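A short write-up of the structure that comes next.
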Protein chains: 2
Amino acid sequence: MTTKHLRQFKDALKQDSLRMTSQRLAILDDVLGSEEHRECDDIYLSLRQKKVPVSRATIYRTLDILEKAGFVRKMDIGDGRFRYENKLAQTHHDHMICLKCGKIIEFMDREIERRQDQIASDNGFHLVKHSHQLYGLCGACQDLPAAEDQSAPASKA
Amino acid sequence: MTTKHLRQFKDALKQDSLRMTSQRLAILDDVLGSEEHRECDDIYLSLRQKKVPVSRATIYRTLDILEKAGFVRKMDIGDGRFRYENKLAQTHHDHMICLKCGKIIEFMDREIERRQDQIASDNGFHLVKHSHQLYGLCGACQDLPAAEDQSAPASKA
DNA sequence: ATATATATGAGAATGAGACTCAATAAGGAT
DNA sequence: ATCCTTATTGAGTCTCATTCTCATATATAT
Ligand SMILES: [Mn+2]
Ligand SMILES: [Mn+2]
Ligand SMILES: [Zn+2]
Ligand SMILES: [Zn+2]
């Protein structure tokens, strides 16, 4: 985590009369140190391993703050648990998810983005965000005859 | 509900050694009689009003059957409750949802659909389905100064 | 250092949806 | 029409991610 990001976080907190705490700092640091799509418990376990005393409630609360401040992106891949990803490390993209092994491939298509804006505009909507996921079977999982899963599959649409 | 749809349902049931019951028939009829995006409880209340004795468990179970048989589409608009829509009445489309009043506008863009296929293909994925929602403020809700909600807003991405 | 508002965490609450299992009902066979 | 096997139903229980409660702890302004 850079000094710039720290300053940015402190400013965001002050903006809302929120206080800097060791937990919030540790959560920000942990989140910025990963490029994965992690759920609350991934972050919780990572912090505990680092001997950071923190509760799930605080992680959820802090992730909300980080989302509002633009540090993380909260995403619903349809399996009932939210995933959070470092938003500073990457530009905007959407996700393609393997229904069998959970593998995630990121994609970005300027034309799709453009058309989303157009559709909103055509309908008088002020677009705030979008959620776009492609679900299927990755190359590896297509080959397996009728084999076992490796990870948490996404089951909902 | 047409005789054709009834036949289609009976066939689908027989295919899986499932039986026709008054509840299943009532649920199919109710679902085919609406073009809205309804959650389990909407259907539950609609059926109770018609004096159909049915439980939520049966509605969930039957909607799963109807989804597999292609009668309904199950969709996750990100607020924690699934919506179900009559799939026979419409061709494929995706949804734009007002974050304030819950209004849903349907859209379909051939180019977006085409590009989704291309992205999957480029990455060796066998595409099974996609989930694509645009979130924002509808025209009416943009005008309201800072007013009250009307319906259940979608809060998650 | 004090005052005061905010933050934390343990545990309880929430809520959609899935599951259990005893009682009920379909429907093929006769 | 009746039997018999197997599927279905529903009341209630359970799950599990996330949110809430509230007493205690801590950050920050002065
Ligand atoms: Mn990503
Ligand atoms: Mn629709
Ligand atoms: Zn896979
Ligand atoms: Zn609206």
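First the proteins, then the strands, lettered A, B, ... as listed; each starts at 1. Every heavy atom of this structure was used, including side-chain atoms; hydrogens, water molecules and symmetry mates were not. The structure presented is a predicted model; accordingly, all values stated were derived computationally and were not measured.
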Under 3.5 Å, is there a donor on one side chain and an acceptor on the other for [X] and [Y]?
{"X": "B:Glu35", "Y": "B:Gln90", "result": "no"}
{"X": "B:Glu85", "Y": "B:His93", "result": "yes"}
{"X": "A:His92", "Y": "A:Glu106", "result": "no"}
{"X": "B:His126", "Y": "A:Gln142", "result": "no"}

Quick one: which of A:Gln116, A:Glu111, A:Gln118 gives a side chain to side chain donor-acceptor pair (under 3.5 Å) with A:Arg114?
-> A:Glu111

Expressed in angstrom and rounded to an integer, what is the separation of [X] atom [atom1] from [N] atom [atom2]?
{"X": "B:Asp64", "N": "D:dT8", "atom1": "CG", "atom2": "P", "answer": "13 Å"}
{"X": "A:Arg81", "N": "C:dG15", "atom1": "CZ", "atom2": "P", "answer": "22 Å"}
{"X": "A:Asp76", "N": "D:dA17", "atom1": "CG", "atom2": "C1'", "answer": "12 Å"}
{"X": "B:Asp79", "N": "D:dT19", "atom1": "CG", "atom2": "C1'", "answer": "16 Å"}
{"X": "A:Phe9", "N": "D:dA27", "atom1": "CZ", "atom2": "P", "answer": "14 Å"}
{"X": "A:Arg48", "N": "C:dA10", "atom1": "CZ", "atom2": "C1'", "answer": "12 Å"}
{"X": "B:Lys74", "N": "C:dG17", "atom1": "NZ", "atom2": "C1'", "answer": "9 Å"}
{"X": "A:Leu13", "N": "C:dA7", "atom1": "CG", "atom2": "C1'", "answer": "11 Å"}

Is the number of heavy atoms from other residues, nucleotides or ligands within 6.0 Å of NZ (B:Lys14) greater than 12?
->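 No, NZ of B:Lys14 has 12 or fewer neighbouring heavy atoms, counting only those of other groups under 6.0 Å.
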
Flag yes if more than 12 heavy atoms outside A:Lys68 fall under 6.0 Å of its NZ atom; otherwise flag no.
-> no

Selection: residues 26-42 of chain A, any non-hydrogen atom under 4.0 Å of DNA chain C = none

Return no unless some side-chain N or O of B:Tyr60 is found under 4.0 Å from OP1 or OP2 of C:dG17.
-> yes

May I ask you to check if A:Lys74 and A:Tyr84 form a cation-pi contact, with NZ or CZ under 6.0 angstrom from the six-membered ring centre and within 45° of the axis?
-> no

Nearest atoms (heavy-atom pairs only) where B:Leu63 meets B:Val72 | O-CG2, 3.8 Å

For every nucleotide of nucleotides 22-30 of chain C, 5' to 3': is a protein heavy atom under 4.0 Å from its base (B), only from its sugar-phosphate (S), or from neither (-)?
-> ---BBS---

Taking only N/O atoms, report every protein-nucleotides 10-12 of chain D pair under 3.5 Å with atom names and distance.
residue, atom, partner, partner atom, Å
D:dG10, OP1, B:Gln23, NE2, 3.3
D:dG10, OP1, B:Pro53, O, 3.0
D:dG10, OP2, B:Ser55, N, 3.1
D:dG10, OP2, B:Ser55, OG, 3.1
D:dG10, OP2, B:Thr58, OG1, 2.6
D:dG10, N7, B:Arg61, NH2, 2.6
D:dG10, O6, B:Arg61, NH1, 3.4

Do any N or O atoms from the side chain of B:Asn123 and from the backbone of B:Phe125 form a donor-acceptor pair under 3.5 angstrom?
-> no

Return the orientation label for the A:His132 and B:His132 ring planes: parallel under 30°, perpendicular over 60°, tilted otherwise.
-> parallel

